[in-house]
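What follows is a single structure, written as structure tokens, with notes after it.
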Amino acid sequence: MVVFLFSAVYLVPIFGFLFVISLLKAIEKIVNKKGYGIEMFWSGLFFALSIWSIGVSASLN
């Protein structure tokens, strides 16, 4: 339980920042008509980790 609370408090802002950076890189590549699969994978992963950490820590309290 402590691990999830730690990740929800300290790691979610980092995951959120990395999510935004990955998404902006994907948008830049979409505009320039390049492939953006890797950026979408990382942005999806960081978003899922953020939501999962918040959800688990909220359900444990």
Side-chain angles (χ1 to χ4, degrees):
M1 181 170 133
V2 174
V3 173
F4 293 118
L5 290 174
F6 175 81
S7 68
V9 172
Y10 295 110
L11 296 180
V12 167
I14 295 170
F15 292 153
F17 178 75
L18 293 173
F19 166 72
V20 170
I21 295 298
S22 298
L23 200 58
L24 288 175
K25 284 184 181 181
I27 290 170
E28 181 183 7
K29 286 188 173 187
I30 290 169
V31 169
N32 293 330
K33 300 192 189 298
K34 297 180 182 176
Y36 55 93
I38 293 173
E39 287 80 10
M40 291 306 289
F41 169 77
W42 285 111
S43 64
L45 179 69
F46 290 132
F47 182 75
L49 285 172
S50 300
I51 297 303
W52 181 69
S53 298
I54 292 169
V56 168
S57 65
S59 67
L60 291 176
N61 285 334

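Heavy atoms only: backbone and side chains are in, while hydrogens, waters and symmetry mates are out.
- Taking a 6.0 Å sphere around CD1 of I38, one finds it holds 12 or fewer heavy atoms contributed by other residues, nucleotides or ligands.
- To the nearest 0.5 Å, the span separating CE on M40 from CD1 on I30 amounts to 6.5 Å.
- By the criterion of side-chain heavy atoms lying less than 4.5 angstrom apart, applied directly or through intervening Ile, Leu, Val, Met, Phe, Trp or Tyr residues, W42 is grouped together with L49 in one hydrophobic cluster.
- F17 pairs with exactly one of I21, I14, V20 by the side-chain contact (heavy atoms from CB on, under 4.5 Å) rule, that one being I21.
- One hydrophobic cluster holds both F46 and L11 under the rule that ILVMFWY side chains link at heavy-atom gaps under 4.5 Å.
- Neither W52 nor V12 shares a network with the other; the hydrophobic side chains, linked directly or stepwise wherever heavy atoms of I, L, V, M, F, W or Y lie under 4.5 Å apart, form separate groups for each.
- Closest heavy-atom contact between G35 and K29: O-CD, 3.2 Å.
- Side chains of L24 and E28 form no contact here, defined as non-hydrogen atoms less than 4.5 Å apart.
- In this structure, the separation between OH on Y10 and CZ on F15 is 14.5 Å, given to the nearest 0.5 Å.
- Both L18 and Y36 belong to a common hydrophobic cluster when Ile, Leu, Val, Met, Phe, Trp and Tyr are linked at side-chain heavy-atom distances under 4.5 angstrom.
- How far OG of S50 is from CG of L45: 9.0 Å, rounded to the nearest 0.5 Å.
- Side-chain N or O atoms of S22 include none that pairs as donor or acceptor with a backbone N or O of F19 at under 3.5 Å.
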